[in-house]
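Each chain gets a letter, A, B and so on, in the order its sequence line appears, and its residues count up from 1.
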Amino acid sequence: MTLKLVSQSDHVPAEDLLDGLNQRQAEAVTHTEGPLLIIAGAGSGKTRVLTVRIAYLLRLGVHPSHILSLTFTNKAAQEMKERVGELVGGSVSRSMWVGTFHSLFARILRQHADRIGYTSSFTIYDSDDQLAAIKAVMNQLGVSQQAVPPNGVKGRISNAKNEMMSWQEYSRRASTISEKQTAQIYELYEKRLKHSNAMDFDDLLLNTIILLDNHTDVLEGMHDRFKYLCVDEYQDTNRAQYRVVNILAKKFRNICVVGDDAQSIYRWRGADIRNILEFERDYPDARVVRLEQNYRSTKTILAAADSVIKNNEKQLRKTLWTENVEGEKITVLSCRDDREEAESIVRTIKNRIEKNLYRYSDTAVLYRTNAQSQALEDALRRANLPYLIVSGVSFYKRKEVKDTLAYLRLLVNPADAESLLRIVNEPARGIGQTSLNRMQEYAVNNSTTLFDVMADASVVPQIQQRVVTAARNFVELVERHREVLNDLPPATLAQQYIESTGLPTMYKQQDTEESLDKWNNIERILDHILEQQEIEENLTLASYLETVALVSEQDDPQLGSNRIALMTMHASKGLEFPLVVIAGLEQGLFPLAKAETDPGEQEEERRLFYVGITRAREELILSYAERRYRFGELSFSRPSTFLSELDQNTLAPSGRSVAVSAKIRRTVETYSQMPVKEDYSQLSVKQSVKTGQRVKHPMFGVGVVVDVSGYGSSAKATVEFSNGQKKQLMLSYARLEQV
DNA sequence: AGAGCGTCGCTTTTT
DNA sequence: GCGACGCTCT
């Protein structure tokens, strides 16, 4: 198979691959030996360079299996595989290692699990499982969850792991009482996971490091295998990832990293920007190539992006430029509330589409938080426009889905305490919390697993006979299917097993709309397994579960369809759309409130805005609402400071004063009943606004009041701003300051 | 053991 | 405004 394809790639000279690349891009492609840092600005053809570079390596005769390409998200890995496949043929690209850090390391760890005290059927814990384990450990220690929020502990443990700090070391360094407590939880958490034959996301990296550090033969195997390394989104790697990359690159030093410090948006989860900033120090002989020509966006969009990002101090200066046209100015929609914002956005998009400027799939609406998608969805549905939410988690977060997967995980790995606890009494089997606590305690004290205790719980003190029987029945149910784990095709096995758990039956019998929905979702998983089994011949239940654990959601088949895409700005990284809308540009939302006190956070938010802006090819629309529902309550906000940072020349004059639509149906009562949390300290200022007075608007800048009408909460002022713009402003929303 | 009710925290972002 | 969790009652 491979032979045929290598010969196929032989008949075209490698140089032909360089056609259409600019000089810098070609330089990056042809620098195959030794360290290479590619600083790739947004839209500079990074993916193209990476894929061509791989094709180039192959044409030089490098065997595909010697190339390792690490990406940050599944989406990126997928795209890389496809695009390389287009260049060199699908079966060649299939024998290459292209994947996320996590998925790749999970594979490596499965191969060598026994070397680090795991079995190859270890379970991967998602963050809910992590939290459940932390809570269990806290209970065990008698730490109150009120006093110590488990989520905070989770964050601290994860941070420690990202910095490769073991619980032993954490414990040594702990000085405050709270740190010592965290250390204790960390220790027991680690032991609990190990005992459950489970790893969390961070462990996948950490254990890989441990494996490679302590087992020279494995390391040598890796070295000989991965002669060419390529790491995408290097600015988003954390210290553990950095470490693995450097271990792997040590022998051949053919390491190519690509990144853009301006697009580093994962600091919060341990990404360390030093990794890219100090690459040249790590590899003094590194070649550095800067890709600064942008092929994606109009001059206007680039100018806007640049005007924003230059407010960041920590920044490698680089100059993006483009030969593209000037393009449309940026429209700003100012709206009264989130509902109106959604409707304005939908109307604007609809308008563009009706004029045949764009198709649905040319359009993306980006936002800061997933919660914002709700209003947008409603508006899109009302307008009957097709849309697609690129969210990630929804399906796999549903209870019945998690339960089904927990059953399957238990089947593969009966030591998995978190999965067991999740479903042992779902549907009810008469095994309650008290009994479970007793059995768990017994398991911990006797260094065995909960599952094994349940096989014969009669030894547990104070246990009731009917619980002993129920527990044994449960264990037998699982064991019965475990016996055929390797004999039956996974889909068949899963089907029979899940059926026998009584879970689907329970939902079916409840016979409500909701429960039938749940039953349906269970069927969807079983169908999905069957589907995967047909795609991949060697599918095992374990490999299926791994994919599901490491893939948030593969909605890709839908991404190609003609729909408007809705997603967070984080999810938009690496994508591009002719028309991009960024919603919710308000202080406290974007940037988030916590950025206001932390300059580092502020800069990260700004980079995120930069990422959002640079997704746009032709046209950008920004919006904000003066009030919106958050946490079920109405809250007020000022327009984002990011808006005022934008180069004013890039904004459309009409867009800056987009009128509030009369179409919005909203009654006075709704307003008067709305809880108002915001302080009204500025109200006196507003009410004293007089004609002729100079005022400052957070977004429109300084202006003169030319007219005042109405009073109380409906008072309006007409303000003429310094650029000649006249705008009517509701005094109760517009944050005018006296100047 | 399990159902029912009230409280609380939550929305940043993801492998 | 929702879902997870804990407390109380049966």
Side-chain angles (χ1 to χ4, degrees), chain A residues 70-77 99-106 124-132 135 139 144-146 149-152 155 158 161-162 199-206 233 236-238 240-241 264-271 366-375 390-393 396-399 402 422 424-437 464 466-467 470 546-553 567-573 584 588-595 598 601 604-605 607-609 611-612 628-635 675:
Chain A
L70 292 170
T71 65
F72 194 61
T73 64
N74 290 299
K75 212 160 34 183
T100 64
F101 279 94
H102 291 87
S103 67
L104 226 50
F105 295 164
I124 298 169
Y125 276 2
D126 69 12
S127 65
D128 286 351
D129 302 315
Q130 250 178 297
L131 200 61
K135 285 176 181 170
N139 277 341
S144 149
Q145 293 182 27
Q146 260 92 40
N151 252 320
S158 183
K161 288 189 175 186
N162 284 163
M199 299 186 197
D200 63 24
F201 289 138
D202 303 321
D203 287 334
L204 293 176
L205 305 177
L206 222 49
E233 308 285 10
D236 282 330
T237 51
N238 63 31
Q241 288 163 327
S264 162
I265 53 174
Y266 287 104
R267 193 180 81 136
W268 54 273
R269 65 178 237 206
L366 312 180
Y367 36 78
R368 182 64 180 85
T369 67
N370 276 314
Q372 287 167 259
S373 71
Q374 189 69 53
V390 186
S391 71
V393 273
Y396 291 106
K397 273 221 156 140
R398 290 175 200 172
K399 180 180 174 352
K402 294 209 73 170
R422 185 174 176 99
V424 65
N425 214 24
E426 191 75 32
R429 297 190 173 89
I431 305 171
Q433 197 53 59
T434 324
S435 310
L436 281 170
N437 285 345
Q464 291 180 40
R466 60 191 165 100
V467 174
E546 176 172 311
T547 315
V548 173
L550 295 175
V551 170
S552 35
E553 190 158 341
M567 70 191 92
T568 64
M569 272 169 281
H570 281 91
S572 78
K573 193 158 87 159
L589 181 62
F590 191 34
L592 282 173
K594 91 187 234 190
D598 180 344
E601 291 287 334
E604 173 132 327
E605 296 281 307
R607 290 192 293 269
L608 187 57
F609 189 34
V611 168
R628 86 168 52 237
Y629 277 96
R630 285 187 86 186
F631 304 112
E633 269 176 348
L634 191 68
S635 65

Trainee: For A:Gln464 and for A:Thr369, find the nucleotide of DNA chain B with the closest heavy atom, then tell me which residue's nucleotide is more 5'.
Mentor: A:Gln464
Trainee: Parallel, tilted or perpendicular: which fits the ring planes of A:Trp268 and A:Tyr266, with parallel below 30° and perpendicular above 60°?
Mentor: tilted
Trainee: If you only use heavy atoms from C-beta on, which nucleotide in C:dG6, B:dA1, B:dT15 is closest to the side chain of A:His102?
Mentor: B:dT15
Trainee: Quick one: A:Lys573 NZ to B:dT15 P, roughly how many Å, whole number?
Mentor: 11 Å
Trainee: Would you call the rings of A:Phe590 and A:Phe609 parallel, tilted or perpendicular if under 30° counts as parallel and over 60° as perpendicular?
Mentor: perpendicular
Trainee: Atom CZ of A:Arg607 and atom P of B:dT13: how far apart are they, to the nearest Å?
Mentor: 18 Å
Trainee: Whole angstroms only, please: what is the CG-P distance between A:Asp202 and B:dT14?
Mentor: 16 Å
Trainee: Could you tell me the separation between the CZ atom of A:Arg429 and the P atom of B:dG2, rounded to a whole number of Å?
Mentor: 11 Å
Trainee: A side-chain contact here means heavy atoms from C-beta on lying under 4.5 Å apart; do A:Phe72 and A:Thr100 qualify?
Mentor: no
Trainee: Taking the side chain as C-beta and beyond, is there a heavy-atom pair between A:Thr73 and A:Lys573 under 4.5 Å?
Mentor: no
Trainee: Taking only the side-chain nitrogens and oxygens of A:Thr73, find out if one of them lies under 4.0 Å from OP1 or OP2 of B:dT15.
Mentor: no
Trainee: Ignoring backbone atoms, test whether A:Thr100 places a side-chain nitrogen or oxygen under 4.0 Å from the OP1 or OP2 oxygen of B:dT14.
Mentor: no
Trainee: Does any nucleotide pair with B:dT11 by Watson-Crick or G-U wobble geometry, both distances under 3.5 Å, and what is it?
Mentor: none
Trainee: From C-beta outward on A:Phe631, which listed nucleotide comes closest to its side chain: B:dT14, B:dA1, B:dT11?
Mentor: B:dT11
Trainee: Hey, does A:Phe72 reach any base, or is it just sugar-phosphate, or nothing, if we go heavy atoms under 4.0 Å?
Mentor: sugar-phosphate
Trainee: Roughly how many Å is it from NZ in A:Lys135 to C1' in C:dG6, rounded to a whole number?
Mentor: 11 Å
Trainee: Tell me whether the OP1 or OP2 atom of B:dA1 has a side-chain N or O from A:Asn425 closer than 4.0 Å.
Mentor: no
Trainee: For A:Trp268 and B:dT13, is the gap between ring centres under 5.5 Å while the planes differ by less than 30°?
Mentor: yes
Trainee: Take the protein atom OH of A:Tyr266 and the nucleotide atom P of B:dT13, then report the distance between them rounded to whole Å.
Mentor: 10 Å
Trainee: To the side chain of A:Val467, which of B:dA1, B:dG2, B:dT14 is closest?
Mentor: B:dA1
Trainee: Using a cut-off of less than 4.0 Å, is there contact between a side-chain N or O of A:Thr434 and OP1 or OP2 of B:dA1?
Mentor: yes
Trainee: Where the side chain of A:Phe201 is defined as all heavy atoms beyond and including C-beta, which of B:dT15, B:dT13, B:dA1 is the nearest nucleotide?
Mentor: B:dT15
Trainee: Report which part of the nucleic acid A:Ser127 touches: base, sugar-phosphate, or nothing (heavy-atom distance under 4.0 Å, all strands).
Mentor: nothing
Trainee: May I have the distance from A:Lys399 (atom NZ) to C:dC5 (atom C1'), rounded to whole angstrom?
Mentor: 14 Å
Trainee: Could you give the OH-to-P distance, from A:Tyr629 to B:dC10, as a whole number of Å?
Mentor: 22 Å
Trainee: Of the non-hydrogen atoms in A:Ser572 and A:Met567, which two are nearest, and what is the gap between them?
Mentor: CA-SD, 3.6 Å
Trainee: Do you see a donor-acceptor pair shorter than 3.5 Å between the side chains of A:Thr369 and A:Gln372?
Mentor: yes
Trainee: Below the 4.0 Å mark, does B:dC10 have OP1 or OP2 next to a side-chain nitrogen or oxygen of A:Asn151?
Mentor: no
